Structures are given as structure tokens and as C-alpha cells.
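Take a look at the structure below.
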Amino acid sequence: MAKVNVSIPQGTRDFNAETVRKRNYIFNTIRKVFEIYGFQPLETPSMENLETLMGKYGEEGDKLIFKILNNGLDNPDKHLQAKAEFEKVLEGKNNKSITERALRYDLTIPFARYVAMNHGQLTFPFKRYQIQPVWRADRPQKGRYREFYQCDADVVGSNSLLNEVELTNIYATVFKKLGIDVEIRINSRKILAALAEVCGGADKMIDITIAIDKLDKIGLEKVKDELTARGLNAEQILTIEKYLSITGSNEDKLTAISSLFSNSELGNKGIDEIKHVLDNAKSLTQNAERTIQNSNSDDHDVLLTTDVSRIHDSHLVIDFTLARGLNYYTGIIFEIKAIGVQMGSIGGGGRYDDLTGLFGVPNIPGVGISFGVDRIYDVMEELKLFPEAVQSGTKVLFFNLGKAESKIAFDLMQLLREKEIACEMYHETTKFDKQFKYAEKKNIPYIIIIGSKELEENNCVIKHLTTSTQQTIAMNEITNYIFE
RNA sequence: GAGAUUGUAGCUCAGUUGGUUAGAGCGCUAGUUUGUGGCACUAGAGGUCGGGGGUUCGAGACCCCUCAUUCUCCCCA
């Protein structure tokens, strides 16, 4: 047979058993915390109407949306028309007769669409969480994939800053459970807007935010260059420089920013918001610890991290350079940075005042956060944070030593399975050597040997491979044996 | 969209200024060993050197094109 070159599309991945288990550990942890905070699950389709997505993520974002080619373009009756329409696509315009659907780019916009569609039936404030893959036609590189999962939690229909506080707590709790040391960076779009206002041009806000967002990467001088390039004058840049030079503790920063924006109503509003969240999330670490300790300890999937030594502090840090690319944010914004690892943000979010307004249903404010599971996975892998116990596959392998023997083994296996002990039998009768190697390779900790001798004496040999110890017990005692 | 990087056995990689039949380790298969694995020893299978073109007496190596990979910028999770 000819060898075909098999591959998968750029930026996508297969996940083997080990990886899936580790990923599920992250998913389960996040899901559990969302549920504890009163969020309800929601799933939306992989594809949306293209017009639902276009124009929501900025110019760059639009380019990264995966568009789906319409079916039936080869219909001979419509050839001429299709060709003409395609010409328009070549000019960069989207055309419904060529493409009218696209893959989900994030979870927030589909959620807004859902709320707009169903606002008559929903009870507000509406709190939902959503864990699904999203797709971006981006160039893959470290921590960046074309298909990746997001885990979002949003509250819509409430202006209360309590939501921001709760979401901050969710971040702290999840990362504490996972054992990742993080910095929760916080800022307010109102403060950024005030800066633009003070600099004499509210319309310059996007230019300013894009430039200052790069501060920690390219340095002050380059930021100033970029601001000049974006049409800011020397006086305006001086103001921005003053703004950027604010450092110190959260308290220091608040004091400094207050004096800078003493005359700006918008600025003061933003400062008050940050203060409120900071004050109420003060005992973040303690809160998170309590949540972890109080949750159901039978839940092995999630609560593998109650080991205190693995609990780290979450730091809530004001970062005035934080801007976030998505332009629908209007209030508090968040971004999560893992400490001790070179990796882009592993989560982010913020408040948006009128997201559903884009879909014709105004006046539903909301706030949400998102976890980037794939990057969280990479971080945990790099820092070796996955607990051993996540890797539990088959627990017991029954040796296959003949027809009569395996028949008994088969029955015993069913008994163990009823006890929820994962077990399997070697697929054919063969020599010990092979069966041992199979167990070893699949990391199966126990083997059970039932051969002609055991069959006669009505017992079986249970061998623990990691310790190389074994004991013989009666067959009817097998369900009482404790496989650890 | 721009720039770099790498591509040789299932995996990780050697392969000299171009020179006979392209190597190693691990893994795989079989045996030493019809009922106790991991070690050791022995034997074996497996490669049109990413693909196409060119230079040359001769190319895995040099040149051009192409595909793929990984990374950086842009942007983002």
C-alpha cells in the first residue's frame, strides 16, 4: 500500500490519553468553581452566521475569523453569479453568497447573541459559564493555537461591582486549586478613556491603548515613538509619560492617578471602581482557601490540590498599562499572568456595558472572565504542577492463561467493574513475559494471575507491580481487596 | 502580513572540505526462558535523507523552487 502523508491542519493537535486526563483535570477544576459561584452551563454552535462575528473584534480580529465556504458554489446555473461575487471577496469584502458562516472566534460574542435572542425568557442577572473550543486563523507559535479551548463565565443584566469582585475570587480560587502562582492584573477602561480625554482626543483612545499596552515589552522610548507615529503631539505624550511613570504599591498607584485625573469625572469613576474591587477582594487568598477546603472532598477529579504546600498566593495588581485588545470593554478589565513562566496571558476579561446592543437589544450590561486552558496546560506542564493521581487509567490487568482460566477471570473482572475498579484482561493467551510488559507499558499497577493451579485451589494471585509484592487470596475475597 | 529556524529509521539525533552499500541510542519482532516482567546477551525487520528541479564524473551535504515544522514581530488565550 502506498504510504500517504498523513497530517493535521496547522495549529491543531491530537490529544492522547495522558493529555486528555490532564486537560480534564483543568476543565473539571474550573467547572466546579464556576458551579460553586452559581453559574449555569451553556453551549453554542461551533459556527455562527458570519455577520454575527464580523466587526466585533476589531480590524485584526476580523482577519483571524475562520470563514466557511458555502456549499453549492459549483452549481452550473449559478457559475457566472458566483464568479462575480467571488471578485468582491478578492477585494476584501465578505459576500453572503460565497461565505455566510464562520467558526466561533470566542465565547463572549456568541453568548451576547444568545442573550439578545432569548432575553425575553432569561432571568436577570443571567450567569452562565461556557467551556468550548474556539478557532482563530492565526499563525501558530508558542502558546498559540488555531484551535483552543476557552472557559468563560459571564454575568449579564447587572451593574453591580459585586460581580467583578466575585469573578476576581473565581480567578484566585481556580489558580490556587491548580497550584499556579498568578498575578491578577486589573485596570479600568474608564481610566484609559480619561487619559485620552486629558490628552485632548477621546478618538485617540484606541491608538493610545495599543501603544501603552506594549510598555513592558518594548520600553518607554519605543512607546513614545509609536505614539508620535500615531499622531500624538509632544504635550500629549508628556502627559502619557507621566501616566506611565506611576509605580509602587496599589495604594501608591491610586494616590498618584487620583492627582493626575483630579478634574476628570470619568477618571474618578474608574478609580472608584478599582478601589471597590480591591477593597472587597482583599482577603482573596483566604477566600480561595476556604472555598477549596469546604468543597466536597470526595471529588477526586478536582480536589487533588488540597495539599497546602501547593497553594500559592494570587496577587491582585493594578496595571494602568493594561488595555486589552477587544474594544467592547467599558469598565474594569482583567488579565492573568502566570508568575515564573514565559507565556502570554492565561486569562482575561472585563466589563462591557452594551454588548447585546450590537444585536439590537440595548441596556444589558455585563462582565465576564475567560480562562485559556491550553496555555494553562502549557504552564502546568512546564512547572510540573500536574498531580500524579491524574494519570489513573486501568488499575488491574487479568492475565490470560487459558480458556477455563480466563473464563473465571472474566467473571471476577465484572465484579471489580461493578465496584468501579478499572480493569481489563489481556487479549490473548500467551506467555507471561508479554502480559507483564503490556501492564508495565500501560502503567497498570496491579495484575491478577489465575492459572491452572489457582483454578484448582479457587484462589488468585494479586501482584502489585510497583512494589513487586504479591499475595494469594481466595477468589470470593477479591471484591474486598483494596486496590490503591 | 513580515522575519528567522528546522526537516535523515517508529522516537531522539550523528553524518567531516561533496566520494563506494547512509549510521548510533532508544523502541519494535524473535530467541536464550510452555507459569513471574523491568537486567543481560544473540539475531532480525525498518530509510526513494520532506517533495520537485538544477550544478557535478559523483549530492543527505551546494544552488533554486515548493511543502511542512518551530519560533519572533503584529495581534492574542
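All values derive from a computational prediction rather than experimental measurement. Order of the sequence lines fixes the chain letters, A, B, ..., with proteins taken first and strands second; residue numbering starts at 1 for each chain.
Taking a pair as Watson-Crick or G-U wobble with both distances under 3.5 Å, RNA chain B forms stems of 3 or more consecutive pairs at B:1-4 with B:70-73, B:10-13 with B:23-26, B:28-32 with B:40-44, B:50-54 with B:62-66.
Using cut-offs of 30° and 60° for the angle between ring planes, the A:F483 and A:Y446 rings count as perpendicular. Using the six-membered ring where Trp is involved, A:Y352 and A:Y328 have ring planes that are perpendicular, over 60° apart on the 30 and 60° scheme.
Between B:U56 and B:G10, the distance separating the two P atoms is 34 Å to the nearest Å. Using atom C1' as the reference point in both B:G52 and B:C13, the two lie 26 Å apart (nearest Å). One C1' atom belongs to B:G51, the other to B:G37, and the distance between them is 44 Å to the nearest Å. For the C1' atoms, the distance from B:C28 to B:C62 is 37 Å, rounded to whole Å.
Taking atom CD of A:Q470 as the reference point, atom C1' of B:G38 lies 15 Å away to the nearest angstrom. Following rounding to the nearest Å, A:Q10 (CD) and B:C71 (P) show an atom-to-atom distance of 11 Å. The distance between atom CG of A:D433 and atom C1' of B:C28, rounded to the nearest whole Å, is 14 Å.
By the 6.0 Å and 45° rule, A:R351 does not stack over the aromatic ring of A:Y329. The side-chain tip of A:R185 does not point at the ring of A:F334 from less than 6.0 angstrom away and within 45° of straight on. Stacking of A:R128 on the aromatic ring of A:F39 is not recorded, the 6.0 Å distance cut-off and the 45° axial limit not both being met.
Each of B:G35, B:U36, B:C71 was ranked by its minimum atom distance to the side chain of A:K142; first place goes to B:C71. The side chain of A:F148 sits closest to B:A77 out of B:A77, B:C75, B:G37.
For the pair A:Q435 and B:U36, the criterion of a side-chain N or O lying under 4.0 Å from OP1 or OP2 is not met. Close to B:G35, at under 4.0 Å from its OP1 or OP2, lies no side-chain N or O of A:K434. A:Q141 has a side-chain polar atom (N or O) that falls below the 4.0 Å cut-off from OP1 or OP2 of B:U72.
For the pair A:D138 and A:R144, the salt-bridge criterion is met [side-chain N within less than 4.0 Å of a carboxylate O]. Salt bridge status for A:K63 with A:E60: present, with a side-chain N to carboxylate O gap under 4.0 Å.
Contact annotation for A:S345: backbone-only contact, meaning every heavy-atom pair under 4.0 Å involves sugar-phosphate atoms and none involves a base. Among the protein residues, A:E440 comes within range of the nucleic acid bases, having at least one heavy atom under 4.0 Å from a base atom. Residue A:L465 is classed as a base contact, given a heavy-atom separation below 4.0 Å to a base. Residue contacts shown for A:G143 include a base, since a base heavy atom lies under 4.0 Å away. No engagement by A:E405 is indicated, since no non-hydrogen atom pair under 4.0 Å with the nucleic acid exists.
Side-chain atoms of A:N16 and A:T19 include a donor-acceptor pair closer than 3.5 Å.
Checking each of A:I447, A:L412, A:I408 against A:F398 for a side-chain contact (heavy atoms from CB on, under 4.5 Å) leaves exactly one that passes, namely A:L412.
Interface residues of residues 472-481 of chain A facing RNA chain B, ordered by number: none; criterion, heavy-atom separation under 4.0 Å.
In terms of polar N and O atoms assigned as donor or acceptor, the side chain of A:R144 comes within less than 3.5 Å of the base of B:C75 in a complementary pairing.
A stacking contact between A:F432 and B:G37 is absent: the pair does not combine a ring-centre distance of less than 5.5 Å to the base's six-membered ring with planes differing by less than 30°.
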Output one letter per nucleotide in nucleotides 39-46 of chain B: B when a protein non-hydrogen atom lies under 4.0 Å from the base, S when only the sugar-phosphate is that close, - when neither is. --------
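Taking CG from A:N476 and CG from A:N458, the interatomic distance works out to 7.0 Å, rounded to the nearest 0.5 Å.
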